[in-house]
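This chain uses plain numbering: 1 for the first residue, then up along the sequence. None of these values were measured; they are calculated from a predicted model.
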Amino acid sequence: MAAKNSSSYEDITCPQCTDIYCLPVLLKCGHNICRVCLFKFWEWKGLRECPVCGHVSDTGRPPINLALHNVAKEHKVLIMTKNRDKCFQHSENLQIFCHNDEELICVICQLSNEHKIHDCSPVEEAAQQKKAEISASLESLKRKLKLLIDTKEQWEEIKTYIQTQACETETAIKEEFKKLHRFLQEEENTRLQALRLEEETKTHIMCKKLENIKDQINALSSTISDIETSLKVHDMQLLQDYKKTKKRLQCNIREPEVVRDILINSAKHLGLLSFGIWKKMEDIVRCVPVVLDPNTAHANLKFSQELTCVHYNSKQFLPDNLERLTNRVSVLGANGFTSGKHRWIVDVGNGQDWYIGVALESIQRKNTIFLSPAEGVWVIGLSNGNSLWAQTTTRSKLPIKEKPQRITVELDYEKGKVTFINAADSTKIYSFKDRFSERIFPYFAPGLCEDTKNSSVLTICPQIIKVEVE
């Protein structure tokens with residue numbers, strides 16, 4: 001068997017380079033030579049002869065021996081596979097793993113100076129250790145992959161919601177402008193009607209005056225014509241009709257009256273037209289010092305179109321974006337404060353459970369927190385419809401005679417004060433004193449309600465708008 005294998009190996013070995021054939025070519029004499037080896041030999045020899053027998057070949061290019069090429073190729077693969085577990089330096093079995101160089105070595109390699117002081121272990125032991133390391137790293141990769149997949153799904157949801165949100169916002173904007181257009185159209189119609197009425201009235205007056213003066217002109221023209229005719233008669237006739245003619249000369253014709261304020265009062269219709277309309281818009285335009293930010297709202301909250309009212313409602317599908325408060329059924333104001341004094345009035349109505357106040361921008365929005373200054377929240381709230389609390393570190397019950405329905409929240413950033421005042425009688429309910437170093441937002445939580453139709457509403461009260469000229 002060994003002889004057969006040896007003969008087989010010799011059959012696929014190039015006689016020139018003594019290595020396994022690489023693209024063998026067949027010469028006329030029947031010998032096979034690697035093509036590269038043959039061309040090098042010919043170049044060195046300066047003659048196209050066989051390196052084995054010296055037979056001179058013709059001038060043609062020797063053909064590739066495909067059958068021998070395929071056999072040699074298969075044998076190379078077998079040798080590489082067979083020698084994979086052997087040390088290329090010592091031809092010994094690779095039984096040890098060097099952790100320093102992270103490679104397989106043989107026993108002789110381990111005893112050599114190169115690996116003598118290295119951390120080495122048997123293949124089985126090293127394989128188990130490396131499997132554990134790879135598995136741990138693989139788990140980390142799997143976690144990262146899951147995170148990427150979850151994030152991708154979340155971002156796809158956000159992309160869809162952005163489109164929905166834009167559509168809803170566009171509809172709301174159009175509705176608001178429809179109201180303004182309707183108001184302006186009605187105002188235009190009212191003013192045009194007043195103009196037309198004035199035009200009709202004054203035109204009618206002038207028509208009557210014109211008819212009257214035309215009658216006077218006709219009468220006087222007739223009188224003048226008759227008198228001129230009487231002047232042309234003979235003297236006897238003139239004198240006989242003198243008294244009558246004299247009487248006609250004394251006809252009482254009044255001077256035309258001076259017509260005052262008969263022209264269209266353009267100053268009334270055009271003077272300060274836009275200011276007058278702006279002034280009238282005080283009744284339809286609402287302005288609040290704070291509006292709510294739906295992007296921070298819990299999924300169970302619903303808002304009025306102008307984002308000034310909020311109440312508990314059935315859960316909606318909303319993306320879990322970074323700003324959203326998912327730990328409590330609450331919402332923040334859209335504008336934060338880093339300085340100055342600010343105040344807004346909240347109508348809590350007859351709500352049974354609610355919290356209002358301010359919160360830091362950095363509050364925990366996903367994990368459960370207690371409403372207290374230690375967590376970055378300064379609020380008061382009503383519980384069970386009859387107990388008013390200040391959410392201090394240990395919450396404090398506040399004495400009340402009557403439940404307040406409108407509460408003024410005052411923030412003095414520089415002094416670190418948050419004060420709550422009963423808007424009905426201006427009595428102070430409670431005041432927090434602290435120190436602020438980051439942006440603060442108004443905070444609203446309308447409370448839970450099983451019957452969403454009867455849920456309490458928190459409303460930010462509008463300010464009084466006055467259009468004045470200084």
Side-chain angles (χ1 to χ4, degrees), residues 172 175-176 179 282-294 296-316 325 328-335 342-359 371 377-392 395-411 418-432 440-465:
E175 284 298 318
E176 285 301 309
K179 292 178 185 177
E282 289 180 0
D283 300 329
I284 67 166
V285 174
R286 289 165 52 87
C287 179
V288 295
V290 170
V291 294
L292 305 169
D293 183 2
T296 66
H298 189 277
N300 282 95
L301 293 181
K302 190 170 184 180
F303 302 90
S304 63
Q305 184 168 299
E306 291 189 340
L307 304 176
T308 57
C309 303
V310 59
H311 66 92
Y312 184 83
N313 197 28
S314 54
K315 192 168 185 177
Q316 310 166 74
L325 294 159
R328 285 186 174 272
V329 184
S330 54
V331 61
L332 300 180
N335 299 322
H342 310 274
R343 69 192 303 271
W344 57 93
I345 300 173
V346 183
D347 189 336
V348 298
N350 294 314
Q352 300 297 301
D353 293 275
W354 48 260
Y355 292 99
I356 60 172
V358 298
L371 296 179
V377 184
W378 296 264
V379 296
I380 65 170
L382 190 71
S383 178
N384 300 322
N386 53 21
S387 300
L388 190 63
W389 299 87
Q391 293 296 125
T392 50
R395 69 175 189 162
S396 308
K397 190 171 184 178
L398 302 175
I400 54 169
K401 295 180 180 178
E402 292 185 12
K403 288 191 301 182
Q405 292 197 325
R406 287 192 171 194
I407 298 175
T408 301
V409 183
E410 292 186 348
L411 168 66
V418 184
T419 305
F420 300 87
I421 300 169
N422 188 337
D425 55 13
S426 298
T427 56
K428 186 170 80 171
I429 299 173
Y430 191 79
S431 183
F432 289 94
I440 286 185
F441 288 84
Y443 181 91
F444 306 86
L448 308 180
C449 183
E450 293 183 3
D451 183 6
T452 56
K453 293 182 179 179
N454 296 319
S455 59
S456 58
V457 180
L458 295 182
T459 304
I460 303 167
C461 299
Q463 297 173 310
I464 298 173
I465 299 176

Asks: If I take atom CG from residue Leu332 and atom CZ from residue Phe444, how far apart are they, to the nearest 0.5 angstrom?
Replies: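 Output value for this atom pair is 9.0 Å.
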
Asks: Considering only residues two or more places apart or on different chains, which pairs with a residue in residues 304-314 satisfy salt bridge (charged side-chain N to carboxylate O under 4.0 Å, His left out)?
Replies: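 Counting only pairs at least two positions apart or across chains, the salt bridge (charged side-chain N to carboxylate O under 4.0 Å, His left out) contacts touching residues 304-314 are Arg286-Glu306.
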
Asks: Does the ring centre of Tyr430 sit less than 6.0 Å away from the ring centre of Phe432?
Replies: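 Close enough - the centres of the two rings lie under 6.0 Å apart.
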
Asks: For Gly349 and Asp347, work out which heavy atoms get closest and say how close.
Replies: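 Minimum heavy-atom separation between Gly349 and Asp347: N-OD1, 2.9 Å.
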
Asks: Minimum heavy-atom separation for Ile460 to Val288, with atom names?
Replies: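 Shortest heavy-atom separation between Ile460 and Val288 comes out as O-CG1, 3.6 Å.
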
Asks: With sequence neighbours left out, write down each residue that passes side-chain hydrogen bond (donor to acceptor under 3.5 Å, both in side chains) with Asp425, or none if nothing qualifies.
Replies: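 Asp425: side-chain hydrogen bond (donor to acceptor under 3.5 Å, both in side chains) contacts with Thr427.
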
Asks: With sequence neighbours left out, write down each residue that passes side-chain hydrogen bond (donor to acceptor under 3.5 Å, both in side chains) with Ser383, or none if nothing qualifies.
Replies: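 By the side-chain hydrogen bond (donor to acceptor under 3.5 Å, both in side chains) rule, Ser383 matches no residue at all.
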
Asks: Any idea which heavy atoms bring Ala359 and Tyr443 closest together, and the distance?
Replies: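 Here Ala359 and Tyr443 meet closest at CB-CD1, 4.0 Å.
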
Asks: Give me the atom names and distance for the closest heavy-atom approach of Ser431 to Thr419.
Replies: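 That closest heavy-atom pairing would be OG-OG1, 3.2 Å.
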
Asks: Who passes side chain to side chain contact (heavy atoms under 4.5 Å, CB included) against Val457, sequence neighbours left out?
Replies: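 Checked Val457 against side chain to side chain contact (heavy atoms under 4.5 Å, CB included); matches are Cys309, His311, Thr459.
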
Asks: Measuring from Trp354:CH2 to Ile380:CD1, what's the distance to the nearest 0.5 Å?
Replies: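 One finds 5.0 Å between CH2 of Trp354 and CD1 of Ile380.
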
Asks: Verify, without hydrogens or angle tests, whether Lys403 (side chain) and Gly385 (backbone) share a donor-acceptor contact under 3.5 angstrom.
Replies: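 Side chain of Lys403 to backbone of Gly385, a donor-acceptor pair under 3.5 Å: yes, one is there.
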
Asks: Could you check whether any side-chain N or O of Asp353 sits under 3.5 Å from a backbone N or O of Asn384, counting only pairs where one atom can act as donor and the other as acceptor?
Replies: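 Yes: the side chain of Asp353 pairs with the backbone of Asn384.
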
Asks: Check the pair Ile421, Arg343 against side chain to side chain contact (heavy atoms under 4.5 Å, CB included), reporting the backbone distance first and the verdict last.
Replies: CA-CA 10 Å; Ile421 300 169; Arg343 69 192 303 271; 5.8 Å; no

Asks: For Ile464, check side chain to side chain contact (heavy atoms under 4.5 Å, CB included) against everything at least two apart and list the hits.
Replies: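 Listed in chain order: Lys466.
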
Asks: Where the side chain of Asn300 meets the backbone of Asn313, is there a donor-acceptor pair that is under 3.5 Å apart?
Replies: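 Here the side-chain-to-backbone pair exists.
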
Asks: How long is the straight-line distance from CD1 of Ile407 back to CD1 of Ile345, given to the nearest 0.5 Å?
Replies: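 Here the rounded value is 11.0 Å.
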
Asks: Please identify each residue that fulfils salt bridge (charged side-chain N to carboxylate O under 4.0 Å, His left out) with Glu402, with sequence neighbours left out.
Replies: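 So Glu402 forms no salt bridge (charged side-chain N to carboxylate O under 4.0 Å, His left out) with any residue.
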
Asks: The criterion is salt bridge (charged side-chain N to carboxylate O under 4.0 Å, His left out); which residues satisfy it with Lys179, sequence neighbours excluded?
Replies: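 For Lys179 the salt bridge (charged side-chain N to carboxylate O under 4.0 Å, His left out) partners, ignoring immediate neighbours, are Glu176.
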
Asks: If you take all heavy atoms of Ala172 and Gln305, which pair is closest and at what distance?
Replies: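 So the minimum-distance heavy-atom pair works out to O-NE2, 3.5 Å.
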
Asks: Counting neighbours of NZ on Lys302 that are heavy atoms of other residues, nucleotides or ligands and sit closer than 6.0 Å, is the number greater than 12?
Replies: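 Check fails, neighbour count at 12 or below.
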
Asks: For the residue pair Thr308 and Pro462, establish whether any side-chain heavy-atom pair is separated by less than 4.5 Å.
Replies: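 Not touching, per the 4.5 Å side-chain cut-off.
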
Asks: Determine whether Pro442 and Val409 make a side-chain contact, defined as any pair of heavy atoms from C-beta on separated by less than 4.5 Å.
Replies: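 Not touching, per the 4.5 Å side-chain cut-off.
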
Asks: Please list, chain by chain and in numerical order, all residues satisfying side-chain hydrogen bond (donor to acceptor under 3.5 Å, both in side chains) with Thr392, sequence neighbours excluded.
Replies: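 Testing Thr392 for side-chain hydrogen bond (donor to acceptor under 3.5 Å, both in side chains), a comparison that skips the adjacent residues, returns Ser396.
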
Asks: Please report the shortest heavy-atom distance between Leu458 and Ile356, naming the atom on each side.
Replies: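 Closest heavy-atom pair between Leu458 and Ile356: CD1-CG2, 4.0 Å.
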
Asks: With sequence neighbours left out, what residues match Arg395 under salt bridge (charged side-chain N to carboxylate O under 4.0 Å, His left out)?
Replies: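 If we apply the salt bridge (charged side-chain N to carboxylate O under 4.0 Å, His left out) test to Arg395, skipping adjacent residues, there are no hits.
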
Asks: State which residues pass side-chain hydrogen bond (donor to acceptor under 3.5 Å, both in side chains) with Gln405; sequence neighbours excluded, sorted by chain then number.
Replies: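 Checked Gln405 against side-chain hydrogen bond (donor to acceptor under 3.5 Å, both in side chains); matches are Asn350.
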
Asks: Using side chain to side chain contact (heavy atoms under 4.5 Å, CB included) as the criterion, list what pairs up with Gln463, not counting sequence neighbours.
Replies: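 Counting only residues at least two positions away or on another chain, Gln463 forms a side chain to side chain contact (heavy atoms under 4.5 Å, CB included) with Cys287, Pro289.
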
Asks: Between Thr408 and Ser426, is there a donor-acceptor pair closer than 3.5 Å when you use the side chain of the first and the backbone of the second?
Replies: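 Answer holds: no.
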
Asks: Kindly indicate whether the side chain of Phe420, heavy atoms from C-beta on, has any atom under 4.5 Å from the side chain of Leu398.
Replies: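 Phe420 does not reach Leu398 side chain to side chain.
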
Asks: Atom CG of Asn386 and atom CD1 of Ile400: how far apart are they, to the nearest 0.5 Å?
Replies: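 Here the interatomic distance stands at 7.5 Å.
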
Asks: Taking only residues two or more places apart in sequence or in another chain, which ones pass side chain to side chain contact (heavy atoms under 4.5 Å, CB included) with Ala424?
Replies: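 If we apply the side chain to side chain contact (heavy atoms under 4.5 Å, CB included) test to Ala424, skipping adjacent residues, the hits are Asn422.
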
